[in-house]
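All remarks here apply to the structure that follows.
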Amino acid sequence: MKRGTENLISRYALRFAFCAATLAVIRPIFADETVTLAQHQFAPASPAAPLQSFFGDARRVAAATTPAWSSADGDLSAWGPALVFPLLGQGVANSTVLGLAAPLEAEATAPTLLFRTLGLYAAKGRVPFTDTPTLRQAVARNLRTIERATRDLEAFTAGKDLAPWGSVGAGAWLAYLELLYRDYFELEDPGAARWNADGVRVVDELLVRGRLPDGGFRRDPRDEIASLWPTVLAIHALVKAYENQELVQYESAAKAAAAALEAMRAKDGGYFSTADKTERDPRANAYLAGALLLLFKDTGDVQYRERAVATLRWLTSGPGAAARDAALAGHVAHLVMLLDSLATQPYENLLGRRPMRLSVELGAPSGKAVDAMAAQLRPATFRYRDLFDAVLHTVVERVPEVAGDIAYDYGDAPGYAASVLLHGGDKRIAPAIVQREERLLSPLRPRNFDEISFGAGALFAAHDHPDLVDAGAADRSLRRYLLLSGGLAMADRYYMDWLDWLTAGGGFEYGPTVIGAQIATTQLRYAERFPGQSIGWFLQPLQVGRALIDGADRPAWDPTRHVYRARPGSDTVWLLPNAMMIIDLLQAHAMTHEASYLARAEDVADGLDALWDDQRGAYFASSEQMGDNAYQSLSTNSYAALALLRLAQAAHQPADQDRALRIFDFINRDLYADGVVYHHLYRGRRATGDIWCSGCNWRVLSELAELARLTK
């Protein structure tokens with residue numbers, strides 16, 4: 001059937017045909033099992049409500065598409081599942097879900113796998129944290145197949161379905177699929193970081209090879225004009241890179257790409273394929289509506305939702321565009337459901353939303369249990385009670401956790417989570433976290449270095465609660481970490497520039513000062529808890545911690561500005577390394593009572609005044625992220641709040657505690673919403689959607705619990 005708008009089947013005729021097909025095939029599809037697709041009635045205030053009639057028709061059509069998934073070589077195997085799986089009734093067994101997904105697991109040519117892989121993610125979303133090895137293996141195999149095929153992108157995109165995508169569009173869609181892997185399989189597959197890293201690599205290459213000066217994307221590197229398909233697919237990849245990496249450079253590129261498409265927009269809400277406005281492709285418009293909804297989700301900018309709604313109206317009420325084939329109808333219906341979800345459902349597992357715990361899953365503590373935990377951790381009159389309780393409910397009840405591994409963190413959740421949970425009396429999740437950290441340290445695995453560095457906090461928490469966990473086993477694991485990190489510090493001359501080079505700044509360009517400060521924190525903490533104990537026959541944790549502090553002096557200390565550089569030669573003042581160094585200096589002062597450590601901590605706090613935003617009550621992340629480029633992050637400000645809170649106690653300076661409270665006020669006022677604390681404020685706009693990490697949320701809870709203990 002042609003892809004133009006002429007010769008389209010009547011929408012009403014197609015409704016009748018597909019309803020008849022549904023009656024004919026639904027019983028054979030499911031054999032003796034009865035599977036019900038939920039009605040999914042939209043609320044009157046939902047932006048999806050005007051599309052209820054179309055959605056109802058597409059929902060009925062969707063059941064009839066399931067037999068065709070096994071032979072479909074295009075969109076049907078992506079968007080049919082994207083609509084069907086979220087609509088399966090809650091009582092449907094996992095075995096039925098996996099049986100429906102089985103045809104999507106078959107091997108096929110790489111172009112077909114571009115779509116089937118998305119369908120497999122949709123199936124996984126219905127059983128998100130049940131071990132599904134066949135789904136995992138099929139997705140990984142598909143990604144490897146597509147990756148090999150895209151090494152010759154021109155040949156890969158030669159077919160009629162992919163020709164409009166071009167090499168840039170095909171590369172963007174591969175990156176999108178790779179970046180999705182982490183959301184769905186990270187808790188089951190330790191290799192998930194490989195797919196995320198490759199997706200980021202592809203996105204970075206596309207920004208060089210495919211982006212035009214106006215922000216749009218060309219089909220192929222030789223083209224000089226932007227076109228709809230590659231730009232739309234690039235937005236998908238950029239938004240997902242933004243979610244996974246939490247870097248505003250990807251958000252900015254996605255917004256610029258969306259702005260470039262305005263030259264192709266028609267008055268009726270549809271978009272032309274190029275700026276010459278000679279042809280419109282409904283299929284490309286459906287992908288565009290999805291890209292705009294994802295951009296709205298993660299920026300909160302309603303202009304993207306309004307543009308997506310206008311495109312959906314064109315697709316559903318134009319001359320039958322969305323009714324001409326089941327794949328397009330399913331795609332548009334899925335987008336209608338996503339539109340509704342973004343307005344009315346904070347947690348709903350469908351493509352485009354980060355999978356969370358389903359209500360039917362067992363194992364998470366009840367809401368009542370979380371309330372009891374909160375009551376143990378903060379007083380009834382606590383200043384940040386609403387924030388504390390809501391975030392605790394989210395991270396305990398909704399954030400996925402399997403055998404002590406917590407989703408959507410960067411390896412930093414375990415230490416903070418175990419501490420909060422054990423202090424709150426938890427007997428299930430925290431012991432599993434401690435046991436997982438012990439497994440990561442036995443035997444020592446340098447590849448897990450970042451996670452075990454943060455996870456050491458869980459092992460310390462175990463010492464405080466021997467009634468809940470095996471403190472002896474935790475201590476043995478902690479000593480193994482101290483031996484590994486102390487040995488690395490000695491080999492790196494107590495300034496971690498070699499390790500920084502080897503790990504790309506800990507994976508996020510943090511720099512050697514941050515890496516060294518992280519190691520010093522654990523060494524000093526152990527020395528404080530177990531004074532005089534050595535690790536092995538040669539390593540003294542107090543000496544290692546002090547050596548790391550002193551080791552940062554020569555290459556990193558800036559005596560003019562009274563701050564630590566993130567790395568030698570850097571002219572940028574960064575908040576994170578300085579906040580972490582204050583924490584270490586205060587720990588060293590508590591251990592040695594040497595006044596120089598406290599004096600240096602106060603000196604650094606004064607030096608950070610250059611980053612303070614008195615109007616907002618928070619620090620800018622760096623001296624390069626001020627003014628028009630203002631960026632204030634949760635991760636850096638939470639470290640600064642803890643540093644100031646402890647400095648106030650050590651130096652008996654109420655002003656430092658007042659500033660710490662102002663930072664917590666900023667977090668409560670400007671970053672908190674919907675049960676989570678979002679990652680940053682950028683140019684005055686709070687991040688939304690999936691731009692938050694569980695690790696930072698657990699850190700905020702840990703710091704607020706410490707504040708509650710100090711201010712009782």
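Positions are given from 1, in the same order as the sequence printed here.
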Residues two or more places apart in sequence or in another chain: which of them pass ring-ring contact (aromatic ring centres under 6.0 Å, His included) with Tyr408?
->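 In terms of ring-ring contact (aromatic ring centres under 6.0 Å, His included), with neighbours along the sequence ignored, Tyr408 is linked to no residue.
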Any residue meeting ring-ring contact (aromatic ring centres under 6.0 Å, His included) with Phe42, in chain and number order, not counting sequence neighbours =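 ring-ring contact (aromatic ring centres under 6.0 Å, His included) check on Phe42 returns His40, Phe55.
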Mind jotting down which residue pairs meet the side-chain hydrogen bond (donor to acceptor under 3.5 Å, both in side chains) criterion with at least one end in residues 247-257? Sequence neighbours excluded, please.
->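 Of all non-adjacent pairs touching residues 247-257, those that pass side-chain hydrogen bond (donor to acceptor under 3.5 Å, both in side chains) are Asp204-Tyr250.
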Can you list every salt bridge (Lys or Arg N to Asp or Glu O under 4.0 Å) pair that touches residues 140-149, not counting sequence neighbours?
->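 Counting only pairs at least two positions apart or across chains, the salt bridge (Lys or Arg N to Asp or Glu O under 4.0 Å) contacts touching residues 140-149 are Glu147-Arg194.
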Can you tell me which residue pairs pass the salt bridge (Lys or Arg N to Asp or Glu O under 4.0 Å) test with a partner in residues 230-244, sequence neighbours excluded?
->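 Counting only pairs at least two positions apart or across chains, the salt bridge (Lys or Arg N to Asp or Glu O under 4.0 Å) contacts touching residues 230-244 are Asp183-Lys240, Lys240-Glu243, Glu243-Lys297.
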Pairs of donor and acceptor atoms involving the side chains of residues 163-176, under 3.5 Å and at least two apart or interchain, shall be tabulated with distances.
residue : atom : partner : partner atom : Å
Ser167  : OG   : Asp220  : OD1          : 2.6
Trp173  : NE1  : Leu114  : O            : 3.3

Atom pairs and distances, donor-acceptor, side-chain atoms in residues 285-295, under 3.5 Å, two or more places apart:
residue : atom : partner : partner atom : Å
Asn285  : OD1  : Tyr271  : N            : 2.7
Asn285  : ND2  : Tyr271  : O            : 3.0
Asn285  : ND2  : Asp281  : O            : 3.0
Tyr287  : OH   : Asp75   : OD1          : 2.8
Tyr287  : OH   : Trp79   : NE1          : 3.2

Taking only residues two or more places apart in sequence or in another chain, which ones pass salt bridge (charged side-chain N to carboxylate O under 4.0 Å, His left out) with [X]?
| X | value |
| --- | --- |
| Arg222 | Glu154 |
| Arg265 | Glu262 |
| Asp614 | Arg662 |
| Asp223 | Arg219 |

State which residues pass side-chain contact (heavy atoms from CB on, under 4.5 Å) with Gln41; sequence neighbours excluded, sorted by chain then number.
->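 Listed in chain order: Gln52.
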